[in-house]
Amino acid sequence: MIELDDVSYSYGGGELLSGISLTLQPGSFHFLTGPSGAGKTTFLKLCYGDLLPTAGRVSAFGQDVRDMGRDDIARLRRRVGVVHQDCEFLDHLSVEENVALPLTVSGRDTINEVANLSDLLSWVGLSAQARSLPPELSGGERQRAALARAVIMAPEIIIADEPTGNIDWEMSLRLLTLLVELNRMGKTIVIATHDLNLIRSAKAQVQARVLRIRDRQLQLAGADL
Amino acid sequence: MSVLGDIVGVARGDHQADRVVPPTGHTAWLTLFTSGAMAFLAVFALALSLATGRLATNWGNELARTATVRISAPAGQEDAQVRAAMQVLETTPGIAEVRVLTDEEQRALLEPWFGPDLPIEALPVPRMIEVIEDGDGYDSEGLRLRLTAEAPGAVLDDHTRWRRPLVSAASRLRTLGLLSILLIGAATAAMITLAANAALAANAQVIRVLRLVGARDVYIARAFVRRFTLRAVTGAAAGTVAGMAAIALLPSASTEGGFLTGLGFQGWHWLWPLVIPVLAAIVAFWATRTAAFRSLRELM
Ligand SMILES: Nc1ncnc2c1ncn2[C@@H]1O[C@H](COP(=O)(O)OP(=O)(O)O)[C@@H](O)[C@H]1O
Ligand SMILES: [Mg+2]
(Lines give C-alpha, C1' and ligand atoms only; values in the text may rest on other atoms or scores of the structure.)
(Ligands and ions follow the chains in the order given, each with its own letter.)
Protein backbone atom coordinates (compact mmCIF):
# COMPACT_ATOMS: atom_id res chain seq x y z
CA MET A 1 0.00 0.00 0.00
CA ILE A 2 2.76 2.36 0.96
CA GLU A 3 6.24 1.60 -0.20
CA LEU A 4 9.52 3.30 0.61
CA ASP A 5 12.49 2.49 -1.54
CA ASP A 6 15.94 3.65 -0.37
CA VAL A 7 14.44 6.84 1.01
CA SER A 8 16.53 9.60 2.57
CA TYR A 9 15.39 12.84 4.11
CA SER A 10 17.12 15.95 5.37
CA TYR A 11 15.62 19.23 6.56
CA GLY A 12 18.57 21.08 5.05
CA GLY A 13 21.36 20.13 7.44
CA GLY A 14 22.71 16.59 7.60
CA GLU A 15 20.55 13.60 6.66
CA LEU A 16 18.00 12.74 9.31
CA LEU A 17 16.94 9.49 7.66
CA SER A 18 18.92 7.59 5.07
CA GLY A 19 18.47 4.56 2.90
CA ILE A 20 15.15 3.46 4.32
CA SER A 21 13.17 0.76 2.55
CA LEU A 22 9.87 -0.60 3.79
CA THR A 23 6.61 -1.97 2.45
CA LEU A 24 3.42 -1.65 4.44
CA GLN A 25 1.22 -4.67 3.68
CA PRO A 26 -2.56 -4.42 3.89
CA GLY A 27 -3.84 -5.43 7.30
CA SER A 28 -0.45 -5.18 8.99
CA PHE A 29 0.15 -3.59 12.39
CA HIS A 30 3.41 -1.68 12.86
CA PHE A 31 4.93 0.18 15.73
CA LEU A 32 7.58 2.78 15.02
CA THR A 33 9.84 3.56 17.91
CA GLY A 34 13.01 5.46 18.65
CA PRO A 35 14.18 8.25 20.93
CA SER A 36 12.67 11.67 20.69
CA GLY A 37 14.14 13.55 17.73
CA ALA A 38 15.04 10.32 15.90
CA GLY A 39 12.75 11.20 13.02
CA LYS A 40 9.54 9.27 13.69
CA THR A 41 7.28 12.17 12.77
CA THR A 42 9.41 12.89 9.73
CA PHE A 43 9.14 9.27 8.62
CA LEU A 44 5.36 9.30 8.96
CA LYS A 45 5.07 12.59 7.07
CA LEU A 46 6.96 10.97 4.20
CA CYS A 47 4.34 8.21 4.24
CA TYR A 48 1.33 10.53 3.83
CA GLY A 49 2.90 12.99 1.42
CA ASP A 50 3.43 15.89 3.81
CA LEU A 51 7.14 15.76 2.97
CA LEU A 52 8.85 14.61 -0.20
CA PRO A 53 11.95 12.43 0.15
CA THR A 54 15.25 14.15 -0.65
CA ALA A 55 16.42 10.88 -2.20
CA GLY A 56 14.76 7.59 -3.05
CA ARG A 57 11.15 6.86 -3.84
CA VAL A 58 7.92 6.80 -1.87
CA SER A 59 4.87 5.36 -3.50
CA ALA A 60 1.36 5.19 -2.16
CA PHE A 61 -1.31 2.94 -3.65
CA GLY A 62 1.02 2.30 -6.57
CA GLN A 63 1.71 5.93 -7.44
CA ASP A 64 4.98 7.75 -6.89
CA VAL A 65 4.33 10.57 -4.42
CA ARG A 66 6.70 12.79 -6.38
CA ASP A 67 4.53 12.49 -9.48
CA MET A 68 1.35 13.42 -7.64
CA GLY A 69 -0.29 16.75 -8.25
CA ARG A 70 -1.75 18.76 -5.39
CA ASP A 71 -5.20 17.26 -5.92
CA ASP A 72 -3.71 13.74 -5.92
CA ILE A 73 -2.10 14.52 -2.57
CA ALA A 74 -5.48 15.70 -1.28
CA ARG A 75 -7.04 12.41 -2.41
CA LEU A 76 -4.20 10.45 -0.82
CA ARG A 77 -4.93 12.15 2.51
CA ARG A 78 -8.53 10.95 2.28
CA ARG A 79 -7.30 7.36 1.96
CA VAL A 80 -4.79 7.59 4.78
CA GLY A 81 -6.19 8.52 8.19
CA VAL A 82 -3.67 10.36 10.32
CA VAL A 83 -3.69 11.09 14.04
CA HIS A 84 -1.20 13.94 14.17
CA GLN A 85 1.18 14.35 17.06
CA ASP A 86 -0.37 17.73 17.93
CA CYS A 87 -3.89 16.74 16.74
CA GLU A 88 -4.30 19.77 14.42
CA PHE A 89 -7.88 20.80 15.12
CA LEU A 90 -9.72 23.90 14.01
CA ASP A 91 -10.33 25.51 17.39
CA HIS A 92 -13.32 27.57 16.28
CA LEU A 93 -15.31 24.49 15.26
CA SER A 94 -16.94 22.01 17.63
CA VAL A 95 -15.52 18.53 18.21
CA GLU A 96 -18.28 17.11 16.04
CA GLU A 97 -17.50 19.48 13.16
CA ASN A 98 -13.79 18.77 13.50
CA VAL A 99 -14.38 15.04 13.35
CA ALA A 100 -16.59 15.53 10.28
CA LEU A 101 -14.11 17.91 8.62
CA PRO A 102 -12.71 15.35 6.14
CA LEU A 103 -16.29 14.68 4.98
CA THR A 104 -17.04 18.40 4.74
CA VAL A 105 -14.01 19.25 2.66
CA SER A 106 -14.54 16.33 0.30
CA GLY A 107 -18.23 17.22 -0.18
CA ARG A 108 -19.45 13.99 1.43
CA ASP A 109 -21.23 15.49 4.43
CA THR A 110 -24.52 13.82 3.62
CA ILE A 111 -27.33 12.79 6.00
CA ASN A 112 -26.10 9.20 5.95
CA GLU A 113 -22.62 10.14 6.97
CA VAL A 114 -23.93 12.38 9.73
CA ALA A 115 -25.70 9.36 11.24
CA ASN A 116 -22.37 7.52 11.15
CA LEU A 117 -20.80 10.50 12.85
CA SER A 118 -22.75 10.03 16.07
CA ASP A 119 -21.96 6.29 16.04
CA LEU A 120 -18.32 7.16 15.61
CA LEU A 121 -18.38 9.67 18.45
CA SER A 122 -19.93 7.15 20.79
CA TRP A 123 -17.38 4.54 19.69
CA VAL A 124 -14.57 6.84 20.86
CA GLY A 125 -16.67 7.84 23.91
CA LEU A 126 -17.11 11.50 23.01
CA SER A 127 -20.88 11.75 22.54
CA ALA A 128 -21.16 14.09 25.50
CA GLN A 129 -18.40 16.35 24.17
CA ALA A 130 -19.72 16.60 20.60
CA ARG A 131 -20.58 20.29 20.97
CA SER A 132 -17.46 21.28 22.91
CA LEU A 133 -14.60 23.16 21.35
CA PRO A 134 -11.27 21.33 21.04
CA PRO A 135 -9.44 23.53 23.59
CA GLU A 136 -12.00 22.42 26.21
CA LEU A 137 -11.02 18.75 25.87
CA SER A 138 -8.56 16.79 28.00
CA GLY A 139 -5.47 15.28 26.38
CA GLY A 140 -7.06 11.83 26.11
CA GLU A 141 -10.26 13.22 24.67
CA ARG A 142 -8.32 15.19 22.08
CA GLN A 143 -6.47 12.06 20.99
CA ARG A 144 -9.72 10.12 20.67
CA ALA A 145 -11.32 12.93 18.71
CA ALA A 146 -8.27 12.94 16.43
CA LEU A 147 -8.65 9.19 15.96
CA ALA A 148 -12.33 9.60 15.12
CA ARG A 149 -11.43 12.21 12.50
CA ALA A 150 -8.72 9.93 11.12
CA VAL A 151 -11.14 7.06 10.52
CA ILE A 152 -14.24 8.92 9.38
CA MET A 153 -13.36 8.57 5.70
CA ALA A 154 -12.99 4.79 6.19
CA PRO A 155 -9.32 4.89 5.17
CA GLU A 156 -7.35 1.78 4.41
CA ILE A 157 -4.39 2.92 6.47
CA ILE A 158 -4.32 4.65 9.84
CA ILE A 159 -1.18 6.39 10.96
CA ALA A 160 -0.98 7.57 14.56
CA ASP A 161 1.90 9.77 15.70
CA GLU A 162 2.43 9.33 19.45
CA PRO A 163 -1.29 9.04 20.11
CA THR A 164 -0.62 8.30 23.78
CA GLY A 165 1.95 11.08 24.12
CA ASN A 166 0.73 12.76 27.27
CA ILE A 167 -2.27 10.83 28.46
CA ASP A 168 -2.60 8.43 31.37
CA TRP A 169 -2.09 4.71 31.09
CA GLU A 170 -5.72 3.74 31.29
CA MET A 171 -6.62 6.13 28.49
CA SER A 172 -3.66 4.89 26.44
CA LEU A 173 -4.96 1.35 26.69
CA ARG A 174 -8.42 2.48 25.62
CA LEU A 175 -6.98 4.16 22.57
CA LEU A 176 -4.87 1.12 21.78
CA THR A 177 -7.97 -1.05 21.98
CA LEU A 178 -9.66 1.15 19.41
CA LEU A 179 -6.69 0.84 17.07
CA VAL A 180 -6.59 -2.94 17.55
CA GLU A 181 -10.30 -3.11 16.72
CA LEU A 182 -9.63 -1.18 13.54
CA ASN A 183 -6.84 -3.58 12.63
CA ARG A 184 -9.18 -6.54 13.14
CA MET A 185 -11.52 -4.84 10.66
CA GLY A 186 -8.69 -5.11 8.16
CA LYS A 187 -7.10 -1.66 8.43
CA THR A 188 -3.37 -1.20 8.18
CA ILE A 189 -2.07 0.48 11.32
CA VAL A 190 1.18 2.38 11.95
CA ILE A 191 1.77 3.81 15.42
CA ALA A 192 4.77 5.90 16.38
CA THR A 193 5.48 5.68 20.08
CA HIS A 194 8.34 5.49 22.52
CA ASP A 195 6.15 3.79 25.12
CA LEU A 196 7.44 0.21 25.32
CA ASN A 197 4.69 -0.81 27.71
CA LEU A 198 2.13 0.11 25.10
CA ILE A 199 3.91 -2.05 22.55
CA ARG A 200 3.96 -4.98 24.98
CA SER A 201 0.25 -4.76 25.66
CA ALA A 202 -0.47 -4.53 21.96
CA LYS A 203 1.60 -7.65 21.26
CA ALA A 204 -0.70 -9.54 23.54
CA GLN A 205 -3.65 -8.62 21.32
CA VAL A 206 -2.34 -8.51 17.74
CA GLN A 207 0.58 -9.59 15.71
CA ALA A 208 2.56 -6.36 15.60
CA ARG A 209 5.90 -5.65 14.02
CA VAL A 210 8.19 -3.16 15.72
CA LEU A 211 10.40 -0.85 13.68
CA ARG A 212 13.07 1.26 15.31
CA ILE A 213 14.87 4.29 13.98
CA ARG A 214 18.48 4.18 15.06
CA ASP A 215 21.45 5.93 13.47
CA ARG A 216 19.24 7.29 10.69
CA GLN A 217 18.28 3.75 9.69
CA LEU A 218 15.12 1.77 10.09
CA GLN A 219 15.60 -1.55 11.84
CA LEU A 220 13.27 -4.37 12.63
CA ALA A 221 13.25 -4.83 16.41
CA GLY A 222 12.17 -8.27 17.38
CA ALA A 223 12.65 -10.55 20.29
CA ASP A 224 14.34 -7.98 22.51
CA LEU A 225 11.00 -6.53 23.54
CA MET B 1 -14.22 23.77 -15.02
CA SER B 2 -13.24 24.76 -11.50
CA VAL B 3 -13.56 28.46 -12.37
CA LEU B 4 -17.17 27.81 -13.31
CA GLY B 5 -17.58 25.76 -10.16
CA ASP B 6 -16.22 28.69 -8.17
CA ILE B 7 -18.60 31.13 -9.78
CA VAL B 8 -21.52 28.83 -9.04
CA GLY B 9 -20.15 28.32 -5.54
CA VAL B 10 -19.97 32.06 -4.91
CA ALA B 11 -23.50 32.53 -6.14
CA ARG B 12 -25.00 29.62 -4.25
CA GLY B 13 -23.04 29.91 -1.03
CA ASP B 14 -22.09 27.03 1.23
CA HIS B 15 -22.76 27.60 4.88
CA GLN B 16 -20.59 24.72 6.06
CA ALA B 17 -17.62 25.73 3.94
CA ASP B 18 -17.96 29.32 5.11
CA ARG B 19 -17.65 28.22 8.71
CA VAL B 20 -14.47 26.30 8.04
CA VAL B 21 -12.44 29.52 7.77
CA PRO B 22 -12.98 31.70 10.84
CA PRO B 23 -14.25 35.22 10.12
CA THR B 24 -11.76 38.05 10.25
CA GLY B 25 -13.62 41.17 11.35
CA HIS B 26 -10.92 43.68 10.54
CA THR B 27 -10.22 42.87 6.89
CA ALA B 28 -13.96 42.39 6.34
CA TRP B 29 -14.68 46.00 7.22
CA LEU B 30 -11.73 47.39 5.36
CA THR B 31 -12.70 45.51 2.21
CA LEU B 32 -16.30 46.60 2.49
CA PHE B 33 -15.34 50.23 3.06
CA THR B 34 -12.70 50.40 0.33
CA SER B 35 -14.82 48.80 -2.35
CA GLY B 36 -17.67 51.11 -1.36
CA ALA B 37 -15.45 54.18 -1.66
CA MET B 38 -14.05 52.97 -4.98
CA ALA B 39 -17.54 52.40 -6.37
CA PHE B 40 -18.56 55.90 -5.25
CA LEU B 41 -15.61 57.36 -7.14
CA ALA B 42 -16.32 55.16 -10.14
CA VAL B 43 -19.85 56.56 -10.37
CA PHE B 44 -18.44 60.06 -10.71
CA ALA B 45 -15.81 59.03 -13.20
CA LEU B 46 -18.55 57.36 -15.20
CA ALA B 47 -20.80 60.43 -15.00
CA LEU B 48 -17.90 62.59 -16.13
CA SER B 49 -17.17 60.33 -19.09
CA LEU B 50 -20.79 60.16 -20.18
CA ALA B 51 -21.42 63.89 -19.76
CA THR B 52 -18.29 64.96 -21.59
CA GLY B 53 -18.98 62.39 -24.25
CA ARG B 54 -22.41 63.88 -24.72
CA LEU B 55 -20.93 67.36 -24.81
CA ALA B 56 -18.31 66.45 -27.38
CA THR B 57 -20.93 64.85 -29.60
CA ASN B 58 -23.39 67.77 -29.40
CA TRP B 59 -20.78 70.40 -29.97
CA GLY B 60 -19.13 68.37 -32.66
CA ASN B 61 -22.42 68.10 -34.56
CA GLU B 62 -23.21 71.81 -34.34
CA LEU B 63 -19.66 72.73 -35.09
CA ALA B 64 -19.74 70.76 -38.25
CA ARG B 65 -22.97 72.28 -39.37
CA THR B 66 -23.82 75.86 -38.61
CA ALA B 67 -22.51 79.41 -38.69
CA THR B 68 -24.26 82.78 -38.60
CA VAL B 69 -23.82 85.94 -40.57
CA ARG B 70 -24.71 89.06 -38.66
CA ILE B 71 -25.56 92.24 -40.60
CA SER B 72 -25.62 95.63 -38.95
CA ALA B 73 -26.14 98.41 -41.41
CA PRO B 74 -27.64 101.88 -41.34
CA ALA B 75 -31.47 101.75 -41.46
CA GLY B 76 -31.93 102.28 -45.20
CA GLN B 77 -29.25 99.86 -46.40
CA GLU B 78 -30.14 96.88 -44.30
CA ASP B 79 -32.38 95.02 -46.73
CA ALA B 80 -30.01 95.62 -49.63
CA GLN B 81 -27.07 94.29 -47.65
CA VAL B 82 -29.06 91.22 -46.53
CA ARG B 83 -29.89 90.49 -50.16
CA ALA B 84 -26.27 90.97 -51.24
CA ALA B 85 -25.02 88.72 -48.47
CA MET B 86 -27.61 86.05 -49.35
CA GLN B 87 -26.42 86.13 -52.93
CA VAL B 88 -22.82 85.65 -51.88
CA LEU B 89 -23.74 82.83 -49.52
CA GLU B 90 -25.94 81.02 -52.04
CA THR B 91 -23.15 80.98 -54.58
CA THR B 92 -20.48 79.81 -52.15
CA PRO B 93 -19.51 76.17 -52.64
CA GLY B 94 -19.78 74.09 -49.49
CA ILE B 95 -22.89 75.77 -48.15
CA ALA B 96 -26.01 73.66 -48.16
CA GLU B 97 -28.58 76.08 -46.89
CA VAL B 98 -28.96 79.74 -45.95
CA ARG B 99 -31.90 81.32 -44.25
CA VAL B 100 -32.69 84.73 -42.81
CA LEU B 101 -33.96 84.36 -39.27
CA THR B 102 -37.48 85.67 -38.81
CA ASP B 103 -38.32 88.33 -36.26
CA GLU B 104 -39.91 85.68 -34.04
CA GLU B 105 -36.73 83.61 -34.05
CA GLN B 106 -34.63 86.62 -33.24
CA ARG B 107 -36.96 87.55 -30.43
CA ALA B 108 -36.67 84.03 -29.04
CA LEU B 109 -32.89 84.31 -29.10
CA LEU B 110 -32.94 87.64 -27.29
CA GLU B 111 -35.71 86.82 -24.89
CA PRO B 112 -33.55 85.37 -22.13
CA TRP B 113 -31.71 88.67 -21.90
CA PHE B 114 -34.38 91.29 -22.60
CA GLY B 115 -37.70 89.67 -21.69
CA PRO B 116 -40.69 88.73 -23.88
CA ASP B 117 -41.98 92.22 -24.64
CA LEU B 118 -39.03 93.37 -26.66
CA PRO B 119 -40.17 95.67 -29.52
CA ILE B 120 -37.65 94.21 -31.91
CA GLU B 121 -38.75 96.33 -34.88
CA ALA B 122 -37.93 99.53 -33.01
CA LEU B 123 -34.44 98.50 -32.06
CA PRO B 124 -31.24 98.62 -34.11
CA VAL B 125 -30.85 94.86 -33.78
CA PRO B 126 -28.62 93.28 -36.43
CA ARG B 127 -30.25 90.84 -38.86
CA MET B 128 -29.12 87.25 -38.69
CA ILE B 129 -28.60 84.72 -41.46
CA GLU B 130 -28.21 81.08 -40.54
CA VAL B 131 -25.70 79.18 -42.63
CA ILE B 132 -25.74 75.39 -42.76
CA GLU B 133 -22.78 73.89 -44.51
CA ASP B 134 -22.69 70.63 -46.39
CA GLY B 135 -20.35 67.69 -45.83
CA ASP B 136 -17.13 69.28 -47.12
CA GLY B 137 -17.56 72.73 -45.58
CA TYR B 138 -16.57 76.07 -47.06
CA ASP B 139 -13.48 78.25 -47.06
CA SER B 140 -14.28 80.72 -44.28
CA GLU B 141 -11.46 83.17 -45.10
CA GLY B 142 -12.53 83.46 -48.72
CA LEU B 143 -16.16 83.87 -47.74
CA ARG B 144 -15.25 86.59 -45.26
CA LEU B 145 -13.42 88.57 -47.93
CA ARG B 146 -16.26 88.29 -50.42
CA LEU B 147 -18.82 89.32 -47.80
CA THR B 148 -16.86 92.45 -46.89
CA ALA B 149 -16.75 93.39 -50.58
CA GLU B 150 -20.50 92.89 -51.25
CA ALA B 151 -22.05 93.72 -47.87
CA PRO B 152 -19.75 95.81 -45.68
CA GLY B 153 -21.99 95.39 -42.61
CA ALA B 154 -21.84 91.56 -42.66
CA VAL B 155 -19.83 89.66 -40.11
CA LEU B 156 -19.34 85.93 -40.46
CA ASP B 157 -19.46 84.26 -37.09
CA ASP B 158 -18.49 80.64 -37.44
CA HIS B 159 -18.44 78.89 -34.11
CA THR B 160 -15.66 76.63 -35.15
CA ARG B 161 -12.92 78.86 -33.89
CA TRP B 162 -13.85 78.77 -30.24
CA ARG B 163 -15.70 75.46 -30.17
CA ARG B 164 -13.07 73.25 -31.69
CA PRO B 165 -10.68 73.42 -28.68
CA LEU B 166 -13.68 72.87 -26.38
CA VAL B 167 -14.68 69.78 -28.29
CA SER B 168 -11.21 68.33 -28.07
CA ALA B 169 -11.06 69.22 -24.36
CA ALA B 170 -14.36 67.44 -23.86
CA SER B 171 -13.22 64.29 -25.61
CA ARG B 172 -9.97 64.42 -23.66
CA LEU B 173 -12.00 64.62 -20.45
CA ARG B 174 -14.01 61.62 -21.51
CA THR B 175 -10.82 59.64 -22.07
CA LEU B 176 -9.55 60.72 -18.66
CA GLY B 177 -12.83 59.61 -17.09
CA LEU B 178 -12.53 56.18 -18.66
CA LEU B 179 -8.89 55.98 -17.59
CA SER B 180 -9.98 56.83 -14.04
CA ILE B 181 -12.44 53.96 -14.10
CA LEU B 182 -9.65 51.62 -15.16
CA LEU B 183 -7.40 52.95 -12.41
CA ILE B 184 -10.17 52.55 -9.85
CA GLY B 185 -10.61 48.95 -11.01
CA ALA B 186 -6.89 48.27 -10.75
CA ALA B 187 -6.70 49.88 -7.31
CA THR B 188 -9.63 47.72 -6.18
CA ALA B 189 -7.85 44.63 -7.45
CA ALA B 190 -4.67 45.64 -5.61
CA MET B 191 -6.55 46.35 -2.40
CA ILE B 192 -8.43 43.06 -2.51
CA THR B 193 -5.22 41.18 -3.24
CA LEU B 194 -3.59 42.74 -0.16
CA ALA B 195 -6.63 42.02 2.01
CA ALA B 196 -6.86 38.45 0.72
CA ASN B 197 -3.16 37.88 1.35
CA ALA B 198 -3.56 39.18 4.88
CA ALA B 199 -6.52 36.86 5.45
CA LEU B 200 -4.65 33.91 3.95
CA ALA B 201 -1.61 34.59 6.15
CA ALA B 202 -3.78 34.99 9.25
CA ASN B 203 -5.38 31.63 8.47
CA ALA B 204 -2.23 29.73 7.58
CA GLN B 205 -2.82 27.17 10.34
CA VAL B 206 -6.44 26.65 9.30
CA ILE B 207 -5.34 26.13 5.71
CA ARG B 208 -2.71 23.65 6.83
CA VAL B 209 -5.28 21.62 8.76
CA LEU B 210 -7.65 21.67 5.79
CA ARG B 211 -4.91 20.37 3.51
CA LEU B 212 -4.05 17.66 6.04
CA VAL B 213 -7.61 16.34 6.11
CA GLY B 214 -7.71 16.16 2.32
CA ALA B 215 -9.14 19.49 1.16
CA ARG B 216 -8.28 20.33 -2.43
CA ASP B 217 -6.92 23.79 -3.24
CA VAL B 218 -10.15 24.78 -4.99
CA TYR B 219 -12.15 24.08 -1.87
CA ILE B 220 -9.92 26.25 0.31
CA ALA B 221 -9.64 29.01 -2.30
CA ARG B 222 -13.40 29.00 -2.70
CA ALA B 223 -13.96 29.74 0.98
CA PHE B 224 -11.88 32.91 0.61
CA VAL B 225 -13.09 33.85 -2.86
CA ARG B 226 -16.73 33.62 -1.80
CA ARG B 227 -16.10 35.79 1.21
CA PHE B 228 -14.17 38.52 -0.57
CA THR B 229 -16.43 38.61 -3.60
CA LEU B 230 -19.50 39.05 -1.42
CA ARG B 231 -17.83 41.81 0.57
CA ALA B 232 -16.70 43.62 -2.58
CA VAL B 233 -20.16 43.39 -4.14
CA THR B 234 -21.88 44.58 -0.98
CA GLY B 235 -19.49 47.50 -0.57
CA ALA B 236 -19.66 48.40 -4.25
CA ALA B 237 -23.45 48.25 -4.31
CA ALA B 238 -23.64 50.62 -1.35
CA GLY B 239 -21.04 52.94 -2.87
CA THR B 240 -22.82 52.92 -6.22
CA VAL B 241 -26.18 53.76 -4.67
CA ALA B 242 -24.61 56.58 -2.67
CA GLY B 243 -22.86 57.92 -5.77
CA MET B 244 -26.02 57.75 -7.85
CA ALA B 245 -27.98 59.52 -5.13
CA ALA B 246 -25.36 62.24 -4.93
CA ILE B 247 -25.59 62.76 -8.69
CA ALA B 248 -29.37 62.72 -8.71
CA LEU B 249 -29.34 65.43 -6.06
CA LEU B 250 -27.03 67.71 -8.06
CA PRO B 251 -28.84 70.93 -9.05
CA SER B 252 -29.96 70.30 -12.61
CA ALA B 253 -28.41 72.44 -15.28
CA SER B 254 -31.00 74.12 -17.50
CA THR B 255 -30.69 74.68 -21.21
CA GLU B 256 -29.71 78.27 -20.53
CA GLY B 257 -26.75 76.80 -18.67
CA GLY B 258 -25.29 76.60 -22.14
CA PHE B 259 -22.38 74.26 -22.49
CA LEU B 260 -22.52 73.24 -18.80
CA THR B 261 -25.01 70.54 -19.77
CA GLY B 262 -24.77 69.03 -16.34
CA LEU B 263 -22.60 66.32 -14.85
CA GLY B 264 -25.05 63.51 -14.60
CA PHE B 265 -26.80 60.62 -16.29
CA GLN B 266 -29.58 61.01 -18.80
CA GLY B 267 -32.28 58.50 -19.62
CA TRP B 268 -31.12 54.93 -19.88
CA HIS B 269 -27.59 56.03 -18.99
CA TRP B 270 -28.77 55.70 -15.39
CA LEU B 271 -28.34 51.95 -15.93
CA TRP B 272 -24.62 52.28 -16.54
CA PRO B 273 -23.58 52.67 -12.86
CA LEU B 274 -25.28 49.35 -12.08
CA VAL B 275 -22.40 47.73 -13.94
CA ILE B 276 -20.01 48.88 -11.21
CA PRO B 277 -20.95 46.25 -8.56
CA VAL B 278 -20.74 43.58 -11.25
CA LEU B 279 -17.27 44.74 -12.22
CA ALA B 280 -16.31 44.84 -8.53
CA ALA B 281 -17.44 41.23 -8.20
CA ILE B 282 -15.38 40.16 -11.20
CA VAL B 283 -12.31 42.02 -9.96
CA ALA B 284 -12.66 40.62 -6.42
CA PHE B 285 -13.23 37.11 -7.72
CA TRP B 286 -10.08 37.08 -9.82
CA ALA B 287 -7.90 38.93 -7.33
CA THR B 288 -8.80 36.61 -4.44
CA ARG B 289 -8.61 33.49 -6.54
CA THR B 290 -5.17 34.38 -7.84
CA ALA B 291 -3.92 35.33 -4.37
CA ALA B 292 -5.34 32.14 -2.83
CA PHE B 293 -3.83 29.77 -5.39
CA ARG B 294 -0.49 31.55 -5.22
CA SER B 295 -0.26 31.21 -1.46
CA LEU B 296 -1.62 27.64 -1.48
CA ARG B 297 1.05 26.51 -3.89
CA GLU B 298 3.66 27.46 -1.29
CA LEU B 299 2.16 24.92 1.09
CA MET B 300 2.62 21.17 0.92
N1 LIG C 1 10.38 21.54 9.87
C2 LIG C 1 11.58 21.21 10.38
N3 LIG C 1 12.67 21.93 10.00
C4 LIG C 1 13.88 21.61 10.47
N5 LIG C 1 14.12 20.61 11.32
C6 LIG C 1 13.07 19.85 11.73
C7 LIG C 1 11.76 20.13 11.28
N8 LIG C 1 10.93 19.23 11.83
C9 LIG C 1 11.69 18.43 12.61
N10 LIG C 1 12.99 18.80 12.55
C11 LIG C 1 14.09 18.15 13.23
O12 LIG C 1 14.20 16.81 12.79
C13 LIG C 1 14.48 15.96 13.87
C14 LIG C 1 13.48 14.84 13.93
O15 LIG C 1 12.22 15.37 14.23
P16 LIG C 1 10.95 14.43 14.35
O17 LIG C 1 10.76 13.73 13.06
O18 LIG C 1 9.83 15.28 14.82
O19 LIG C 1 11.38 13.39 15.46
P20 LIG C 1 10.49 12.52 16.43
O21 LIG C 1 9.10 12.55 15.94
O22 LIG C 1 11.10 11.17 16.37
O23 LIG C 1 10.62 13.09 17.79
C24 LIG C 1 14.50 16.81 15.12
O25 LIG C 1 15.86 17.07 15.44
C26 LIG C 1 13.82 18.06 14.73
O27 LIG C 1 14.40 19.16 15.38
MG1 LIG D 1 7.37 13.21 16.72
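Quick note on labels: first sequence line is chain A, next is B, and so on, each numbered from 1.
- In terms of modelled atom types and a separation under 3.5 Å, the side chain of A/Arg70 and the main chain of B/Leu296 share a donor-acceptor contact.
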(Q) Using salt bridge (Lys or Arg N to Asp or Glu O under 4.0 Å), reason through B/Arg216 and A/Asp72 one step at a time and then give a plain yes or no. (A) CA-CA 9 Å; B/Arg216 291 161 66 216; A/Asp72 297 326; over 6 Å; no
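- Annotation for A/Ala74 and B/Ala215: closest pair CB-O, 3.7 Å, computed over non-hydrogen atoms.
- Remark: A/Arg77 CZ to B/Leu210 CG distance equals 11.5 Å, nearest 0.5 Å.
- For chain B, the nearby part of A/Tyr48 is the side chain; its heavy atoms alone come within less than 4.5 Å.
- B/Val20 has its side chain within reach of A/Leu90: a pair of non-hydrogen atoms, C-beta onward, lies under 4.5 Å apart.
- In B/Trp29, the CH2 atom is not crowded: 12 or fewer heavy atoms of neighbouring residues, nucleotides or ligands sit closer than 6.0 Å.
- Judged purely by atom type and a 3.5 angstrom limit, A/His84 has no side-chain atom pairing as donor or acceptor with the backbone of B/Val209.
- Annotation: B/Phe33, atom CZ; neighbour count of heavy atoms from other residues, nucleotides and ligands within 6.0 Å does not exceed 12.
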Q.
What verdict does the side-chain contact (heavy atoms from CB on, under 4.5 Å) test give for A/Thr104 and B/Val213, after you've listed the backbone C-alpha separation in whole Å, the side-chain angles of each residue and the deciding distance to 0.1 Å?
A. CA-CA 10 Å; A/Thr104 310; B/Val213 301; over 6 Å; no
Q) Step by step, would you call A/Glu88 with B/Gln205 a side-chain contact (heavy atoms from CB on, under 4.5 Å)? A) CA-CA 9 Å; A/Glu88 309 270 18; B/Gln205 180 56 20; 2.7 Å; yes
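- Surrounding NE2 of A/His30 are more than 12 heavy atoms belonging to other residues, nucleotides or ligands, all under 6.0 Å away.
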